[in-house]
Colleague: 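To start, I am sharing the structure in question, which I have written as structure tokens.
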Amino acid sequence: MHADVIVVGAGLAGLVATAELVTAGHRVALVDQESADHLGGQAWWSFGGLFLVGTPEQRRMGIRDSEELAWQDWSGSAGFDRLEGADAEDLWGMRWARAYVAWAAGEKRSWLREKGVGLFPVVGWAERGDGRATGHGNSVPRFHITWGTGPGVVEPFERAVREGVRTGRVELHGRHRVTELVVSGGAVTGVRGEVLVGDDADRGAPSSRVAATRFELGAQAILVTSGGIGANPALVRQWWPERLGTPPQDLLTGVPAYVDGSMLDPVVDVGARLVNRDRMWHYVEGLPNHSPVWPGHGIRILPGPSSLWLDALGRRLPFPCLPGFDTLGTLAHLRTATPGHDHSWFVATTTVLGKEYALSGSEQNPDLTGRSVRQVLGRVTTDVPEPVQRFADAGTDVVRAGTVEELVAGMNALTGDDLVDAAAVRELVEARDRELDNDFGKDVQTAMVRAARRSRGDRLVRTAPPHRFLDPKHGPLVAVRLRVLTRKTLGGIQTDLDGRALRADGTPVPGLYAAGEVAGFGGGGMHGYRSLEGTFLGGCLFSGRQAGRALAATL
């Protein structure tokens with residue numbers, strides 16, 4: 001026995017579980033195929049958004065929220081429909097979802113604050129929904145940004161793990177790639193794999209997969225927290241569901257190369273059940289990173305609601321395919337309406353670009369990541385924030401022009417095809433602008449923009465005042481080419497509420513636990529078909545905490 005528990009994967013869920021086990025006095029071997037210098041996995045790269053319900057931050061902004069409303073939104077978005085019969089793939093996922101919403105409305109915020117995790121005071125409104133009270137989307141703003149973004153979420157748990165190393169309770173095994181789970185006496189009792197050659201690659205950059213030797217470790221239990229499949233395009237395409245249309249040929253990658261799904265086969269080999277593999281979460285607002293860290297590195301635009309969204313042929317997308325409203329609905333529409341084209345367009349003004357275009361990722365938000373109040377205030381007082389301006393200047397997917405005709409010419413030059421008709425786009429823009437002559441109108445998007453500005457957060461930092469796109473003082477016009485960006489796996493290892501991996505017959509695989517994205521963030525799919533955003537980091541926190549505490553109580 002090398003430890004009481006072996007944790008496979010040093011991402012956020014693995015760190016949280018390890019911290020819980022160490023606090024309870026247990027010994028942990030933490031194994032990861034990347035360098036032990038770079039703990040935190042893809043959570044480190046995140047924007048740090050957290051789904052919270054009924055918080056002081058919400059109340060200060062005049063937002064009335066409740067657990068009941070949050071569950072209405074969650075269940076309406078998830079659409080759990082695999083609850084009966086021999087499969088019942090959603091059975092545990094829905095139980096996890098109910099427990100998670102209760103945690104988000106209860107202990108989650110105070111637990112994080114005790115660990116030193118602070119929150120930005122402005123609450124964002126992500127996934128605004130499909131227009132139905134019982135359908136997809138957040139009825140109110142719930143997207144709480146961590147002060148320090150992804151690194152700020154990771155920090156307290158990494159600190160606990162490093163302290164565990166210092167006191168001898170944690171063994172860190174970096175550059176150890178697990179390829180097999182060891183079974184003895186009917187229980188999972190260890191891991192085998194390859195010790196990879198040393199590699200000083202930067203965090204997130206591809207590292208060598210050349211093996212120097214092999215290893216084997218033993219423990220009373222194994223917890224798998226190895227993440228999803230977002231950097232494995234072959235697996236993404238293999239499990240891409242028909243309901244989302246045809247998979248794009250040109251996929252951007254929103255996660256580091258090590259998010260490869262490599263632990264899925266080993267857990268299946270020992271009898272664990274994988275469920276809901278056709279459920280995944282990819283974004284349609286992706287841009288190639290002008291300074292890529294990993295292959296195909298893409299960054300997502302977190303849009304406000306004002307941009308006109310056009311498909312590759314220049315046609316306006318229908319409601320609810322508006323910026324920031326229904327991610328998977330928009331993905332399905334684009335992959336069905338224009339399956340031969342892998343891009344779409346945002347058309348807006350420079351005013352909208354500066355006010356409404358935030359970028360995902362810790363490295364794209366140095367003010368929030370660096371906890372700089374001065375820089376955050378600068379975001380409000382500058383016309384276009386510096387990270388956004390860099391993408392406009394250094395990226396290859398942004399077109400700026402003084403007239404609609406010049407803008408469309410630039411769009412067509414960028415794609416190499418005359419797909420977009422300037423006269424049709426001008427007609428769209430002029431029709432939109434006429435809706436702003438008074439406070440009435442029938443354009444749904446214009447109404448939604450006006451409604452958004454009733455939220456203090458939107459009015460302060462996320463939604464530009466309604467204005468005519470053809471008004472020169474808001475120019476020049478801007479068009480941004482968007483591509484599909486891989487991100488999250490919503491299905492995975494089916495687990496009970498203690499994180500125990502389950503067989504197809506519903507019984508636990510002795511000695512095997514799972515948490516985080518590899519477990520669909522809990523139960524094999526607590527999000528169902530769709531996410532409310534801010535729930536991925538939270539899912540890692542909750543499922544890692546649950547599994548860690550259950551293991552600590554069992555050993």
Side-chain angles (χ1 to χ4, degrees), residues 61-64 122-133 135 137-141 285 301-311 314-326 329-330 333 344-358 380-381 383-384 400-408 411 420-480:
M61 299 188 71
I63 300 163
R64 292 188 295 274
V122 177
V123 182
W125 196 354
E127 286 298 294
R128 302 175 190 227
D130 63 7
R132 297 174 298 149
N138 286 293
S139 297
V140 297
E285 310 101 334
I301 295 174
L302 285 72
S306 298
S307 297
L308 280 176
W309 204 334
L310 311 181
D311 68 18
R315 300 173 299 193
R316 189 178 183 185
L317 272 57
F319 180 82
C321 301
L322 303 177
F325 277 71
D326 186 354
T330 304
H333 173 81
S344 61
W345 296 95
F346 277 165
V347 170
T349 62
T350 297
T351 297
V352 171
L353 176 76
K355 183 83 168 182
E356 298 193 6
Y357 286 28
V380 178
T381 57
D383 290 338
V384 180
R400 288 172 287 189
T403 68
V404 170
E405 289 71 25
E406 292 169 344
L407 188 74
V408 172
M411 294 161 65
V420 182
D421 179 72
V425 174
R426 174 170 281 281
E427 183 177 345
L428 282 175
V429 174
E430 289 178 341
R432 175 211 171 272
D433 282 3
R434 291 188 196 103
E435 291 286 305
L436 298 176
D437 283 344
N438 54 62
D439 292 335
F440 303 98
K442 63 183 180 181
D443 186 85
V444 174
Q445 184 172 9
T446 301
M448 290 295 186
V449 170
R450 287 169 170 157
R453 283 184 57 82
R454 293 171 58 193
S455 161
R456 295 173 193 169
D458 273 272
R459 191 165 61 250
L460 284 170
V461 298
R462 292 296 288 138
T463 303
H467 59 274
R468 287 174 170 262
F469 277 13
L470 296 181
D471 185 342
K473 72 180 181 182
H474 294 286
L477 293 167
V478 178
V480 183

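All of these numbers come straight from a predicted model, not from anything done at the bench.
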Colleague: Give, for atom CG of L477 and atom CG of L353, the distance between the pair rounded to the nearest 0.5 Å.
Modeller: 11.5 Å

Colleague: Report the C-alpha distance between T350 and V384 in whole Å, list the side-chain angles of each, state the deciding distance to 0.1 Å, and finish with yes or no for side-chain contact (heavy atoms from CB on, under 4.5 Å).
Modeller: CA-CA 8 Å; T350 297; V384 180; 4.1 Å; yes

Colleague: Locate the shortest heavy-atom distance separating P141 from S455; write the atom from each residue and the value.
Modeller: CG-OG, 4.0 Å

Colleague: Surrounding CD of E430 (heavy atoms of other residues, nucleotides or ligands, distance under 6.0 Å), is the total greater than 12?
Modeller: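 Result for CD/E430: enclosed.
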
Colleague: Quick check: do F346 and V352 have side-chain heavy atoms less than 4.5 Å from each other?
Modeller: no

Colleague: I want to check something: taking the side chain as every heavy atom from C-beta on, are T349 and V478 in contact at a cut-off of under 4.5 Å?
Modeller: no

Colleague: Of the non-hydrogen atoms in H467 and A464, which two are nearest, and what is the gap between them?
Modeller: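 Scanning both residues, the minimum pair turns out to be CE1-CB, 4.2 Å.
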
Colleague: Restricting to non-hydrogen atoms, name the atom on M61 and the atom on G457 that form the minimum distance, rounded to 0.1 Å.
Modeller: CE-N, 2.9 Å

Colleague: Checking the side chain of E435 only, and the main-chain atoms of V444 only, is there a donor and an acceptor separated by less than 3.5 Å?
Modeller: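 No: the side chain of E435 does not pair with the backbone of V444.
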
Colleague: Would a distance-only check, ignoring hydrogens and angles, find a side-chain to backbone donor-acceptor pair under 3.5 Å from N138 to A126?
Modeller: yes

Colleague: Going by heavy atoms in the side chains, are P305 and W125 under 4.5 Å from each other?
Modeller: no

Colleague: Ignoring hydrogens, what is the shortest heavy-atom contact between N438 and F440? Give both atom names and the distance.
Modeller: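 Here N438 and F440 meet closest at OD1-N, 2.8 Å.
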
Colleague: Do T446 and P466 come close enough that some side-chain heavy atom pair is under 4.5 Å?
Modeller: no

Colleague: What pairs with D433 under side chain to side chain contact (heavy atoms under 4.5 Å, CB included), at least two apart in sequence or on another chain?
Modeller: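 Side chain to side chain contact (heavy atoms under 4.5 Å, CB included) check on D433 returns V429, R468, F469, L470.
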
Colleague: Counting only N and O atoms by type, is there a donor-acceptor contact under 3.5 Å from the side chain of R462 to the main-chain atoms of P303?
Modeller: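 Judged by distance alone, yes, a pair lies under 3.5 Å.
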
Colleague: Taking the side chain as every heavy atom from C-beta outward, state whether L310 and L428 have any atom pair closer than 4.5 Å.
Modeller: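 With C-beta onward as the side chain, the pair touches.
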
Colleague: Going through the checks in order, is the side-chain contact (heavy atoms from CB on, under 4.5 Å) test met by D421 and V408?
Modeller: CA-CA 7 Å; D421 179 72; V408 172; over 6 Å; no

Colleague: A side-chain contact here means heavy atoms from C-beta on lying under 4.5 Å apart; do L308 and Q445 qualify?
Modeller: yes

Colleague: Donor-acceptor pair, K355 side chain versus L460 backbone, under 3.5 Å?
Modeller: yes

Colleague: Can you pull out every salt bridge (charged side-chain N to carboxylate O under 4.0 Å, His left out) where at least one residue sits in residues 443-452? Sequence neighbours excluded, please.
Modeller: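 Qualifying pairs: R316-D443.
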
Colleague: Can you list the residues that meet the side chain to side chain contact (heavy atoms under 4.5 Å, CB included) rule with S344, with sequence neighbours excluded?
Modeller: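 For S344 the side chain to side chain contact (heavy atoms under 4.5 Å, CB included) partners, ignoring immediate neighbours, are W309, L334, L482.
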
Colleague: Give a yes or no answer on whether the side chain of R459 reaches the backbone of R453 with a donor-acceptor pair at less than 3.5 Å.
Modeller: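 Such a contact is found between R459 side chain and R453 backbone.
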
Colleague: Could you check whether atom CG of D437 has more than 12 heavy atoms from other residues, nucleotides or ligands sitting under 6.0 Å from it?
Modeller: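 Result for CG/D437: enclosed.
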
Colleague: Indicate the atoms forming the closest heavy-atom contact of S306 with T463, along with that distance.
Modeller: OG-CG2, 4.3 Å

Colleague: Could you tell me which non-hydrogen atom of P323 sits nearest to which non-hydrogen atom of S307, and how far apart they are?
Modeller: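 Heavy atoms of P323 and S307 come nearest at CG-O, 3.5 Å.
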
